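In what follows, a single structure is set out as structure tokens and then discussed.
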Amino acid sequence: MNLAFIPGDGIGKDVTAEARRVLDAVASAFGLAVCVDTLPWSADHYLATGVTIPPDGYAMLRDQFDAVFVGALGDPRVPDNRHARDILLGARFELDLYVNYRPVRCLDDRLVPLKGKSRRDVDLVVFRENTEGLYVNIGGRFKAGTEDEIAVQEEVNTWKGVHRIIRHAFEFAQATGRLRVCMADKSNALTHGHALWQRVFREVSADYPLIEARHLFVDALAMFMIRDPAQFDVIVTNNLFGDIVTDIGAELQGGLGMAASANLHPGRTSLFEPVHGSAPPLAGKNVANPFGACLSLALLLETLGHAGPARAIESAVESCIAARGCTADVGGHLGTREATDMLIAQIQSTT
Ligand code: NAD
Ligand code: IPM
Ligand code: MN
């Protein structure tokens, strides 16, 4: 398989290096033929060349690679985040990766931050619409810098966009035996855009009589995810709300360092990345947790049909966490590289 790796910025570079080592380990353990191209697109590259992503960048990702792995993008030296918008959001849009799949599964009771709850209570998935909503970047600023400044940022909801993500959530629920789908919007305040979500949810859910279709306003969803996450199997929501509630989801798994994600267009080249960002204060210090990145690599392998290596990575992460062979954010004493060494040793001892 041909993979593009984009380490990006900050701890994105640290954790991508580790995901790369884990990939080599599973490739040799399972006899996978893997070819990796590492692409330099990042804040450093932008500041040095003025190029965020080359003009043929999206076509190259789509045509030359089976999947793309991204570390993280974001750097204080690029305050308007232009390079992240072009590289990460640009790839989501241009490759039409309309499904942002963010599993929320806690691997150890010790990591559950909620009083009286165990890992059994934290096992849900979030489907975030990934190609429209408030992320379309339509708008502008008028009289910028004055006291008369007006800033407009439009939210776009299309029938096609809303329909395909809600349909995907129900299809996933049906295929995996998860019997509850919750759609979260803010249709009590956003009475135009989110009325479309209401309508489509009603229409699509009617095709799945065995699946419980529930609606929550997103503020109530945030509250219930903390009060009692066990009531959720599948959550589907828009781009911005999905971004926010998946940071809550990350915390339920032990923190941002543990959370994995996939940006998918089923059947096409898709992109895999940890949920966390570039965490500039941690960058280059051998402290970032590499497991969210490694679990994102597992999602990549699974999506490309390599379920064995994917499971091997997941169960090795679980064993490392159980043995506290992990970084400090999840209760261990190891550095980024040493936690990955332990993960790789675990993979090698079980395959
Ligand atoms: P962040 O996820 O980078 O970090 C927030 C905090 O979470 C960190 O300070 C750290 O305490 C913890 N954390 C995150 N990842 C960790 C890891 N692997 N190991 C241990 N601790 C970890 O979020 P932020 O500080 O809001 O954003 C920093 C930059 O990253 C910004 O430029 C932002 O735009 C960007 N960002 C990028 C992505 C992405 O590329 N997908 C996602 C989120 C934020
Ligand atoms: C994420 C990130 C991105 C998003 C940022 C970096 C633009 O927070 O992937 O969760 O908002 O989608
Ligand atoms: Mn986010």
Side-chain angles (χ1 to χ4, degrees), residues 5-19 41-44 46 52 68-93 97-102 104 111 113 126-137 153 237-251 253-264 271-297 317 321 326-337 339-340 343:
F5 269 50
I6 305 174
D9 305 323
I11 63 164
K13 294 185 205 283
D14 305 352
V15 300
T16 302
E18 304 310 312
W41 308 336
S42 62
D44 285 341
Y46 170 56
T52 56
V68 182
F69 182 92
V70 172
L73 290 151
D75 186 301
R77 295 169 300 163
V78 188
D80 65 2
N81 214 24
R82 169 186 302 266
H83 69 302
R85 221 172 45 234
D86 285 358
I87 300 163
L88 179 62
L89 301 182
R92 290 178 186 167
F93 280 74
L97 306 174
Y98 64 93
V99 177
N100 193 192
Y101 169 53
R102 294 189 161 183
V104 177
L111 298 185
V126 177
F127 287 108
R128 164 188 181 188
E129 201 293 319
N130 215 26
T131 52
E132 49 185 51
L134 270 162
Y135 279 67
V136 293
N137 210 29
Q153 190 94 43
T237 191
N238 68 37
N239 208 335
L240 181 66
F241 297 166
D243 176 47
I244 296 166
V245 302
T246 53
D247 266 32
I248 298 177
E251 204 54 30
Q253 297 169 82
L256 272 167
M258 294 299 296
S261 86
N263 302 263
L264 308 167
L271 184 155
F272 301 80
E273 50 166 353
V275 173
H276 67 72
S278 57
L282 309 186
K285 295 185 177 154
N286 196 36
V287 294
N289 184 345
F291 289 172
C294 296
L295 292 168
S296 304
L297 175 69
V317 170
I321 292 285
C326 51
T327 47
D329 56 304
V330 279
H333 298 98
L334 300 181
T336 307
R337 288 187 289 273
T340 313
L343 181 69

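The model shown is predicted, which means the values in this text are computed figures rather than measured ones. Remember, it's 1-based here, ligands and their atoms both numbered in the order they're listed.
Any protein N/O/S atom under 2.8 Å from the Mn ion (ligand 3) was counted, giving 1 altogether.
For L256, no nitrogen or oxygen atom sits less than 3.5 Å from a nitrogen or oxygen atom of ligand 1, counting backbone and side chain alike. Note: no N/O pair closer than 3.5 Å links N81 and ligand 2 by distance alone.
For the side chain to side chain donor-acceptor pair (under 3.5 Å) condition, the pairs that include at least one residue of residues 274-286, sequence neighbours left out, are N286-E338.
Contacts of R128 with ligand 2, taken as heavy-atom pairs under 4.0 Å, involve the side chain alone.
Distances below 4.0 Å separate heavy atoms of P280 from the following atoms of ligand 1: 28 (C). Those atoms of ligand 1 that come under 4.0 Å of a heavy atom in A72, given as number and element, are 40 (O). The contact set between ligand 1 and I11, taken as ligand atoms under 4.0 Å from a residue heavy atom, comprises 15 (N), 16 (C), 17 (C), 18 (N).
Annotation for R77: atom CZ counts as buried by contact number, over 12 foreign heavy atoms lying within 6.0 Å.
Contact annotation for atom 30 (O) of ligand 1: protein present (non-hydrogen atoms, distance under 4.0 Å).
For the ligand labelled ligand 2, residue R102 lies inside the 4.0 Å heavy-atom shell.
Residue nearest to atom 9 (O) of ligand 2, selected from R85, R92, E273: R92 (by heavy-atom distance).
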